[in-house]
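Reading through the structure tokens given below for one structure.
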Amino acid sequence: NKITNFHFDSLNANCISSDIVSSIREYEPGKLYITTADGLNIYDKKSGQFTVYRKIGKNSIPFLSDNIRQMTRDTRGHIWFTHLNAGVTEYDPKTGKCNYYAQNSDKGKLNSNNVKAIFADSKGLVWISCWNAGVNVIDTKNGKTYSSDDSICFIKGLKESSLVSQ
């Protein structure tokens, strides 16, 4: 058993993009998805190589921001990324397309862009907690966004989706 440390080094092209790491997941065998303050890093454990994905650049994913905090994967395989004060990016790895959720978004409005946590459950709901602004839930089956700002509609909408036990 060996412990390996990874640090950002501006002189090393094969390194993690930032020492500020927020979350790590293994969504594919042997590949670690690492969110940082400077993009998404995918570390291939077999080759020892990092691939960095940013909003703009060689390996680009059109994120809302490169400052990525948390991530979760939904039942369809889409990966959801939270950003510091920018909202949420939903990324479809199969198509490379993104959807955006933010306070001023047309697709799905959030209570706040300051997202604290995100969780995708087994029933197709993505739960988003906003700092001092409650909870949003996105139903991935119909695209509807529910807000705890209107708790009656929030609960009624979730029950109507028949995804939450009554």
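Taking the six-membered ring for Trp and thresholds of 30 and 60 degrees, Phe6 and Phe50 have ring planes more than 60 degrees apart, a perpendicular arrangement. The aromatic rings of Tyr33 and Tyr27 stand perpendicular to each other, their planes meeting at an angle above 60°, with 30° marking the opposite boundary. Ring planes of Phe63 and Tyr91: tilted class, angle from 30 to 60°.
Here the straight-line distance linking atom CD1 of Ile128 with atom OG1 of Thr145 works out to 7.5 Å at 0.5 Å rounding. How far CG of Asp66 is from OG of Ser18: 10.5 Å, rounded to the nearest 0.5 Å. Atom CG of Leu110 sits about 6.0 Å away from atom CD1 of Ile138, to the nearest 0.5 Å. Note: Ile24 CD1 to Thr36 OG1 = 11.0 Å, rounded to the nearest 0.5 Å. The distance from the CG atom of Leu32 to the CD1 atom of Ile42 is 10.0 Å, given to the nearest 0.5 Å. Here the CG atom belonging to Leu64 is positioned 7.0 Å from the NZ atom belonging to Lys55, to the nearest 0.5 angstrom.
Among Arg73, Lys45, Lys31, the one residue that satisfies the salt bridge (Lys or Arg N to Asp or Glu O under 4.0 Å) test with Glu26 is Lys45.
For the pair His83 (side chain) and Ser65 (backbone), a donor-acceptor distance under 3.5 Å is present. A donor-acceptor contact shorter than 3.5 Å links the side chain of Thr140 to the backbone of Gly124. Judged purely by atom type and a 3.5 angstrom limit, Asn41 has no side-chain atom pairing as donor or acceptor with the backbone of Ile16. Using modelled atom types, one side-chain atom of Asn111 and one backbone atom of Ala133 make a donor-acceptor pair closer than 3.5 Å. A donor-acceptor contact shorter than 3.5 Å is absent between the side chain of Asp92 and the backbone of Gly96. Within the 3.5 Å criterion, the main-chain N or O of Ala120 finds a donor-acceptor partner in the side chain of Thr72. At least one donor-acceptor pair closer than 3.5 Å links the side chain of Ser17 to the backbone N or O of Asp38.
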Which is it for Glu90 and Tyr100 under the side-chain hydrogen bond (donor to acceptor under 3.5 Å, both in side chains) test, yes or no, and what are the steps along the way?
CA-CA 6 Å; Glu90 173 193 2; Tyr100 308 102; over 6 Å; no
For side-chain hydrogen bond (donor to acceptor under 3.5 Å, both in side chains), just list the numbers for Thr35 and Ser23, CA-CA rounded to whole Å, side-chain angles, deciding distance to a tenth of an Å, and then say yes or no.
CA-CA 5 Å; Thr35 62; Ser23 63; 2.8 Å; yes
Under the side-chain contact (heavy atoms from CB on, under 4.5 Å) rule, what do Trp127 and Ile118 come out as? Steps first, then yes or no, please.
CA-CA 6 Å; Trp127 298 79; Ile118 190 164; over 6 Å; no
Set out, in order, the CA-CA distance, both residues' side-chain angles and the distance that settles side-chain contact (heavy atoms from CB on, under 4.5 Å) for Asn132 and Ser112, then state yes or no.
CA-CA 8 Å; Asn132 286 332; Ser112 167; over 6 Å; no
For Arg76 and Asp74, what are the C-alpha separation, side-chain angles and deciding distance, and is it a salt bridge (Lys or Arg N to Asp or Glu O under 4.0 Å)?
CA-CA 5 Å; Arg76 302 165 301 158; Asp74 69 23; 2.6 Å; yes
Check step by step if side-chain contact (heavy atoms from CB on, under 4.5 Å) holds for Val126 and Phe119.
CA-CA 6 Å; Val126 177; Phe119 173 74; over 6 Å; no
Can you list the steps and then say if Phe81 with Leu40 is a side-chain contact (heavy atoms from CB on, under 4.5 Å)?
CA-CA 9 Å; Phe81 300 96; Leu40 169 67; 3.8 Å; yes
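Residues Val21 and Ile68 are members of separate hydrophobic clusters, defined by side-chain heavy-atom contacts under 4.5 angstrom among Ile, Leu, Val, Met, Phe, Trp and Tyr. With hydrophobic clusters built from ILVMFWY side chains whose heavy atoms lie under 4.5 angstrom apart, Trp80 shares a cluster with Val115.
Between Asn136 and Lys109, the shortest heavy-atom distance links the atoms ND2-O, 3.7 Å. When all heavy atoms of Lys144 and Asn142 are compared, the closest pair comes out as N-OD1, 2.8 Å. Taking each heavy atom of Phe8 and Asp19 in turn, the nearest pair found is N-OD1, 2.7 Å. Of all heavy-atom pairs between Cys15 and Val52, the closest is O-CG2, 4.2 Å.
Under the side-chain hydrogen bond (donor to acceptor under 3.5 Å, both in side chains) criterion, Asn67 pairs with Arg69, not counting sequence neighbours.
Electrostatic pairing of Lys141 and Asp139 does not count as a salt bridge here, judged by no charged N lying under 4.0 Å from a carboxylate O.
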